[in-house]
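Here's the structure, in structure tokens; my notes come after.
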Amino acid sequence: MAERLADVTERIQAIQQLGSVVNAMTGMAATRAHQARDQLAAVDSYAATIAAAILQASMLGRMEATTTWQKERMGLLVFCAEQGFAGAFSEKVLDGAGGDLRKSDVFLIGTKGKAVAAERDLTPVWSAVMPSHSHSIPKLANDTLNALFAKINAGKMDRVDAVFPIWTSGTVAISRRQLYPVKLDYHLKPAGPGPLSNLPFPDLLASLSADYFFSQICNVALHAFAAENEARMAAMSAAQNQIENELALNKALERRVRQEAITAEIIELASGEHASRKNRAASKDG
């Protein structure tokens with residue numbers, strides 16, 4: 001017998017335990033992705049409120065619709081995977097950033113992504129951990145904003161783009177969005193009377209723009225957070241299918257080994273009975 005029944009049974013138990021872990025990971029990923037999608041609506045509402053305030057503030061002074069920038073002073077805020085079991089998630093994000101990765105200051109979010117970047121000899125100027133819960137995204141956005149403004153205020157960076165994943169049609173799509181300078185539709189007309197303000201227009205605009213910048217970091221971070229968990233759900237679904245196939249094969253093997261064991265035992269008993277009869281017959285003849 002090529003397989004021992006105890007070994008097959010032990011293997012089945014190990015596969016079932018692995019299936020339980022995969023189910024738990026799938027459930028956690030689903031919950032986190034759902035929470036992130038729900039919070040996106042609140043962040044977008046906040047961003048719209050700030051955008052409206054900026055347009056209202058435009059009645060107090062002149063706003064520049066365009067800002068010149070130089071490509072060699074570009075910053076990229078890149079959102080990769082924080083954990084494993086999400087397929088080639090980080091690789092897709094880094095590939096989506098293209099050649100700008102080598103020409104820009106890279107601010108990278110995600111521990112797993114940082115490891116993948118290191119394999120490509122890419123060292124970010126700043127990095128951070130993606131929180132395990134989406135409720136902590138505002139804290140991450142605030143830390144990221146401070147890191148970005150440190151470079152901007154030092155005159156070392158003119159523009160910041162975000163490269164981040166979005167889960168769409170069952171797969172990861174890589175998106176890119178300009179975060180700084182803040183882009184609004186300057187052709188919109190502010191509604192209502194001009195606002196009252198105790199701040200000079202440049203200071204007011206800078207403060208509101210920083211708030212809008214913050215809201216956009218929250219937005220792309222939530223998209224990335226949801227996408228990573230959706231990718232993990234897809235990977236876990238594939239793993240679950242493999243586990244079910246392995247479990248079915250090993251249960252079939254268990255039945256066959258058990259039947260072989262029963263058959264071998266019957267043959268052994270029959271052989272013993274036959275030998276016993278021969279011995280009794282020989283005794284009688286003697």
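What you are looking at is a predicted structure, and each value in this text was computed from that prediction instead of being measured.
Residues E82 and T111 approach most closely at OE2-OG1, 2.6 Å, considering heavy atoms. The two atoms that bring F89 and A224 nearest to each other are CZ-O, 4.1 Å, heavy atoms only. Residues A234 and W167 come closest through the heavy atom pair CB-CH2, 4.0 Å. Closest approach of K92 and I174 over heavy atoms only: O-CG1, 3.6 Å. Contact between Q216 and A47 at its shortest, heavy atoms only, is NE2-CB, 3.7 Å. Heavy atoms only, all atoms of each residue included: A86 and A231 are closest at O-CB, 3.9 Å.
With a 4.5 Å cut-off on side-chain heavy atoms, R73 and R159 do not count as touching. The shortest distance between side-chain heavy atoms of F213 and L148 falls below 4.5 Å. Residues I50 and S215 have side chains not in contact (no heavy-atom distance under 4.5 Å, counting atoms from C-beta outward). Residues F214 and N142 meet the side-chain proximity criterion, which asks for heavy atoms closer than 4.5 Å. In this structure, R255 and Q259 have side chains that are not in contact, with every pair of non-hydrogen atoms separated by 4.5 Å or more. T31 has its side chain out of reach of M28: every pair of non-hydrogen atoms, C-beta onward, lies at least 4.5 Å apart. Taking the side chain as every heavy atom from C-beta outward, Y180 and S209 never approach each other to under 4.5 Å. Contact check for R176 versus L76: side-chain heavy atoms found under the 4.5 Å cut-off.
At most 12 non-hydrogen atoms from other residues, nucleotides or ligands lie less than 6.0 angstrom from CD of E10.
Between Q242 and E246, the side chains place a donor N or O and an acceptor N or O closer than 3.5 Å (distance only, hydrogens not considered).
No donor-acceptor distance shorter than 3.5 angstrom exists from the side chain of Q83 to the backbone of S132, with no hydrogens or angles considered. For the pair Q178 (side chain) and P181 (backbone), a donor-acceptor distance under 3.5 Å is present. The main-chain N or O of V22 is found under 3.5 Å from a side-chain atom of T26 such that the two form a donor-acceptor pair. Of the possible polar contacts, none joining the R4 side chain to the V257 backbone as a donor-acceptor pair under 3.5 Å is found.
Distance NZ/K251 to CG/L253: 13.0 Å, rounded to 0.5 Å. In this structure, NZ in K114 is found 13.0 Å from OG in S90, a value given to the nearest 0.5 Å. In this structure, the separation between CG on N250 and CZ on R11 is 5.0 Å, given to the nearest 0.5 Å. Distance OH/Y212 to CG/N219: 8.5 Å, rounded to 0.5 Å. In this structure, SG in C218 is found 10.0 Å from CD in Q39, a value given to the nearest 0.5 Å. The CD1 atom of I166 sits 11.5 Å away from atom CG of L222, with the distance rounded to the nearest 0.5 Å.
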**OP:** Test L101 against V163 for side chain to side chain contact (heavy atoms under 4.5 Å, CB included), laying out the working first.
**Re:** CA-CA 10 Å; L101 277 176; V163 179; over 6 Å; no
**OP:** Test M236 against Q240 for side chain to side chain contact (heavy atoms under 4.5 Å, CB included), laying out the working first.
**Re:** CA-CA 6 Å; M236 290 300 100; Q240 188 62 48; over 6 Å; no
**OP:** Begin from the C-alpha positions of N229 and R37 and carry the test side chain to side chain contact (heavy atoms under 4.5 Å, CB included) through to its verdict.
**Re:** CA-CA 11 Å; N229 282 282; R37 286 193 296 268; over 6 Å; no
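Looking at T144, L145, I152 one by one, the single match for side-chain contact (heavy atoms from CB on, under 4.5 Å) with V160 turns out to be I152.
Here K156 does not pair with D105 in a salt bridge; the nearest charged N to carboxylate O distance is not below 4.0 Å. The pair K103-D100 meets the salt-bridge criterion, with a side-chain N (NZ, NE, NH1 or NH2) lying under 4.0 Å from an Asp/Glu carboxylate O.
F225 and V129 end up in different hydrophobic clusters when Ile, Leu, Val, Met, Phe, Trp and Tyr side chains are linked at under 4.5 Å. Clustering ILVMFWY residues whenever any of their side-chain heavy atoms sit less than 4.5 angstrom apart, transitively, puts I15 in a cluster other than the one holding L249.
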